[in-house]
Colleague: 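Sending over a structure as structure tokens; questions will come in a sec.
Side chains are part of it too, since the values below use all heavy atoms of this structure and drop only hydrogens, waters and symmetry mates. Below, chain A is the first sequence line, B the second, and so on; all start at residue 1.
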Amino acid sequence: MTAERWSRVKQILADALDIARDRRASFVDEACAGDQELRQEVLTLLRGDEPDSNFLNLDRAPQMLGAWRVVRELGRGGMGTVYLADRADGQFEQRAAIKVNKRGMDTDAVLRRFYAERQILARLQHPNITRLLDGGLFDGRPYFVMEYLEGEPILDYCRRRALPLKDRVNLFLSVCDAVDYAHRNLILHRDLKGGNILVDSGGVAKLLDFGIAKLLTAEGAAEQTILPVQAFTPQAASPEQVKGDPLTTASDVYALGLLLFELLAGKPPYRVQANLPAEMVDIICERPVPRPSLIAESAYGRALPGDLDTIVLKALEKDPTRRYNRAADMADDLRRYLDGLPIQARPTSAGYRLHKFVSRHRRPVAVAAALVLAVTVAVTDAVREGRRASRRFQELRQLAGNFLFEFHDAIASLPGATPARELVEKRALQYLDILSREASSDLDLKRELAEGYVRIGAAQGLTHESNLGKSAEARASIDKAIALLDEVSRARPNDAAVTADLARAHLARLSTGTKAESPQQHLAELRKVASMLEESAKQRPLTAPAHLTLAQAYFGLGEVLWVPLHQDSDSLAARLRSIALLEDLVRRFPQDPDGPRWLAQSKKRLAAFYLTELHQPAQAAGILRETTQIDELRLARDPASATVKLDLALDRDYLGTALWAGGDRLTGMQLVEQATAERAQILDADPHNYRVRYLLLTDYVKLAKWLRQQNRASEAHAVVLKGLSVAAGVDAQQANDREAAAAVSEIRRLASDSRQ
Amino acid sequence: MADVVALLERWQRGDKSALDEMVPSVYDELKRLARVYLSRERPDHSLQPTELVHEAYVRLVAQREVDWRNRAHFLGVAAQVIRRILLHHAEHRSAKKREGYSRRVSLDAALECLERDATVDILTLNAAMERLAEMDPRQSQIVELRVFGGLTVEEAAAVLDLSATTVKREWSVARLWLQKELQ
């Protein structure tokens with residue numbers, strides 16, 4: 001047969017295979033349009049299509065799974081297929097439901113986890129939990145053999161039999177016992193819902209499907225799993241599940257609360273749709289849950305006693321620590337209710353509700369949560385389903401990557417954005433960690449991920465950015481970036497872009513403020529970064545980011561040679577080199593906003609050098625008037641940016657100090673006061689901003705000292721008091737930062753002086 | 001042994017020669033595994049090509065946590081290799097039969113295991129696949145991946161950069177055609 005002929009035959013044949021058997025013949029007649037030979041070809045081939053033909057049948061169901069003979073398919077889901085099976089070795093008669101994982105679920109990591117969990121699940125022996133009977137591998141894929149149960153989902157069972165209230169509560173109590181038993185065996189169910197609980201003909205409720213069950217660590221929180229963003233059923237998800245926080249026994253309690261709510265009221269407290277993530281987050285994490293008696297469908301539901309309302313609402317608290325700790329505690333309260341005793345749970349107080357109302361209106365966080373959740377969940381779903389290669393996945397990946405980082409950058413300079421940034425940071429890290437595990441040979445993806453880690457690191461704690469004050473975390477993120485880039489660089493040793501990325505990451509690592517290296521090591525690292533880029537620049541002109549990195553390396557050299565090492569002339573040389581490079585950058589890339597910023601920063605530091613080392617305040621003031629101009633232009637371009645405002649405050653701070661030193665104490669003091677007021681305003685809007693808190697402390701220290709020099713003791717005292725209240729906001733995390741700690745002890749010393 | 005992961009990476013970047021360089025490593029590993037399977041002396045153990053390929057994959061590649069797409073590519077290569085091994089073995093044996101020669105080396109015994117479980121005759125299937133390749137090379141490739149590599153529709157789709165729907169359609173048609181040819 002010729003290729004053309006075959007192409008005709010297969011078109012018609014494939015179309016015919018897609019339609020019902022009894023309509024195929026007439027379809028073929030029509031499609032062949034009188035070509036008898038073609039029709040004959042197609043029909044001959046079509047006759048071979050028998051439903052149970054064994055010829056090259058690669059998709060057939062397993063016939064035997066260990067000692068089990070497969071009877072028929074019961075259902076298919078995202079993770080695999082469930083079969084009904086009989087025991088085949090004739091030892092005894094038993095039916096089982098066997099869940100065979102999908103192909104692609106057979107990676108090493110999944111298999112290891114499978115064996116670990118199989119052992120634990122096999123230990124669970126409880127009358128209200130379906131037993132794990134057996135397990136093994138079929139064709140490399142894990143399968144679980146579970147006790148087979150003919151029963152009805154618990155909600156249907158109650159509804160159909162119109163079960164009285166007391167019986168419903170009793171049935172629910174047996175579910176609580178099963179969950180508590182699993183918890184005591186250090187297992188979380190994590191997907192408790194009506195559909196996973198069957199009631200058999202004897203009226204016994206049984207928990208199914210510990211498929212996504214999770215082992216608890218000794219601390220009680222679920223261990224880190226393969227995919228940090230877990231599969232869950234939105235309708236049955238707890239607030240912590242939605243937010244990606246660690247799950248605990250209280251998360252299963254929440255699910256029990258939802259179940260009890262529906263058992264009592266006849267319908268769930270809310271309905272959520274997975275495709276409306278913003279609404280989902282709002283409903284699950286923010287909106288108060290109504291009392292079951294208020295929305296109950298049945299007459300008896302509306303007459304529910306207040307105690308049952310209270311118990312359900314306690315299980316459904318948004319904050320896991322306010323729920324029943326354990327399923328057993330919830331069961332105890334229900335038993336007390338059945339026995340007519342007072343229950344332990346108290347209705348939520350009005351004060352607490354008001355507090356929740358206020359915190360509910362911190363919109364940026366909720367909006368960030370919703371959007372970030374939407375994209376990361378979509379990508380992780382794609383990863384989980386093994387659709388990594390698909391175009392859809394690539395699109396999602398791009399969307400998520402751009403979104404996370406652009407969103408972060410967009411809000412980073414807004415005052416008050418810190419909580420939202422924290423959330424984006426957490427999600428973005430989860431996202432990067434997932435993809436890193438998937439990226440093993442995709443060099444472009446690795447570069448992209450490394451870029452992401454550096455940006456996260458910057459948000460977490462680069463000392464020259466407004467940051468979240470997490471130096472150690474920042475360093476860990478950047479180390480991940482470096483590891484990824486090292487791999488890429490080994491594969492593409494002559495790629496200038498990779499070299500630039502690597503240089504940037506190394507530089508970022510040195511800027512984490514962890515002070516893990518000695519000044520000498522720091523110096524050596526900076527020199528290495530600079531020489532990497534100088535080498536690369538000899539091959540071809542540097543790109544804007546690489547050019548900036550080189551200038552920043554010299555900026556860093558200027559710093560480290562100056563303060564810890566006191567090699568002043570080398571420091572000055574490095575400083576001048578960085579300024580020359582930045583002036584070049586501004587010329588070459590006039591649109592790049594980083595150019596003017598870093599040029600102004602470098603010049604400010606040069607001015608500081610003139611002032612403190614060369615004792616030339618007039619020179620310094622001249623330079624600082626220049627930098628003030630640069631920063632005022634930047635502010636005109638971007639009037640809402642807190643970053644630019646902070647840079648401008650630094651100009652005034654330095655200029656004021658230079659003028660003070662030059663003898664113009666009045667203007668000097670005014671400028672520093674202005675800088676202080678500006679910083680205080682920024683800290684007020686964004687109290688979590690560690691960098692600003694530190695700078696503000698140094699302002700108060702400086703002002704207090706100046707005022708004392710002018711014998712203005714009471715004014716100095718007022719400034720110290722302000723400083724103390726700013727110092728009180730330094731948390732344990734920031735207290736680890738050496739500079740911040742020094743500023744705090746300085747203000748305390750001034751305070752004790754002024755008391756004496 | 002050449003670094004299979006590096007070769008896969010080269011192949012993905014479009015370097016076609018990487019595939020040929022990869023074949024010897026994969027071939028050696030498959031032969032070695034076949035011997036190991038035999039030496040376990042487990043009469044109940046029926047050796048499936050798919051199982052062999054997956055194990056070879058785990059040994060050569062998976063410890064390095066290669067991504068899913070790479071895995072499919074590897075299985076694609078292994079499918080070619082398995083087909084060659086089986087074919088070579090079957091031709092060899094029919095030649096020996098003609099010569100009345102009956103000594104068997106251990107490797108051959110391993111391969112016989114492979115063949116015994118196949119539902120079709122390898123030589124006939126191969127000849128039919130070659131005829132199919134002349135009419136429709138893509139279909140022949142799909143058959144190779146699925147039959148000799150044990151790839152699922154989705155995995156084959158990833159290797160060939162086609163949609164799963166297309167692969168499924170092509171596969172069911174090719175299967176009917178082969179069935180008719182082999183009758």
Colleague: So does Glu30(A) have more than 12 non-hydrogen atoms from other groups sitting under 6.0 Å from CD?
Modeller: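 For Glu30(A), atom CD is not crowded (no more than 12 foreign heavy atoms under 6.0 Å).
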Colleague: Is Leu45(A) in contact with chain B via its backbone, its side chain, both, or neither, using a 4.5 Å heavy-atom distance?
Modeller: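 For Leu45(A), backbone and side chain are both near chain B.
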Colleague: Hey, mind stepping through Arg169(B) and Asp15(A) against salt bridge (Lys or Arg N to Asp or Glu O under 4.0 Å) and telling me if it holds?
Modeller: CA-CA 9 Å; Arg169(B) 206 173 141 92; Asp15(A) 289 341; 3.0 Å; yes
Colleague: Nearest 0.5 Å, what's the CG-OG distance between Asp49(A) and Ser172(B)?
Modeller: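 Going from CG on Asp49(A) over to OG on Ser172(B), the span is 8.0 Å.
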Colleague: What's the separation between atom CZ in Arg175(B) and atom CG in Leu17(A), rounded to the nearest 0.5 Å?
Modeller: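 The distance works out to 10.0 Å.
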Colleague: Kindly compute the distance separating NZ (Lys180(B)) from CG (Leu46(A)), expressed to the nearest 0.5 Å.
Modeller: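 Lys180(B) atom NZ to Leu46(A) atom CG measures 12.5 Å (nearest 0.5 Å).
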Colleague: Quick one: which of Gln139(B), Glu170(B), Lys168(B) has the most heavy-atom pairs under 4.5 Å with chain A, could you say?
Modeller: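 Result: the option with the highest number of such pairs is Gln139(B).
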Colleague: Take a 6.0 Å sphere around CZ of Arg69(A) and say whether it holds more than 12 heavy atoms from other residues, nucleotides or ligands.
Modeller: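 No, not enclosed.
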Colleague: With rounding to the nearest 0.5 angstrom, report the CH2 to CE distance, Trp177(B) to Met1(A).
Modeller: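 If I round to the nearest 0.5 Å, the distance is 7.5 Å.
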Colleague: Quick check on Glu41(A) against chain B: is it the side chain, the backbone, both or neither that has a heavy atom closer than 4.5 Å?
Modeller: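 Only the side chain of Glu41(A) comes within 4.5 Å of chain B.
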Colleague: Locate the shortest heavy-atom distance separating Leu176(B) from Gly48(A); write the atom from each residue and the value.
Modeller: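 Looking at all heavy atoms of both residues, the shortest contact is CD2-C, 3.6 Å.
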Colleague: Just so I know, are the side chains of Met135(B) and Thr2(A) near enough to count as touching, which here means a heavy-atom distance under 4.5 Å?
Modeller: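 No. Closest side-chain heavy atoms not under 4.5 Å.
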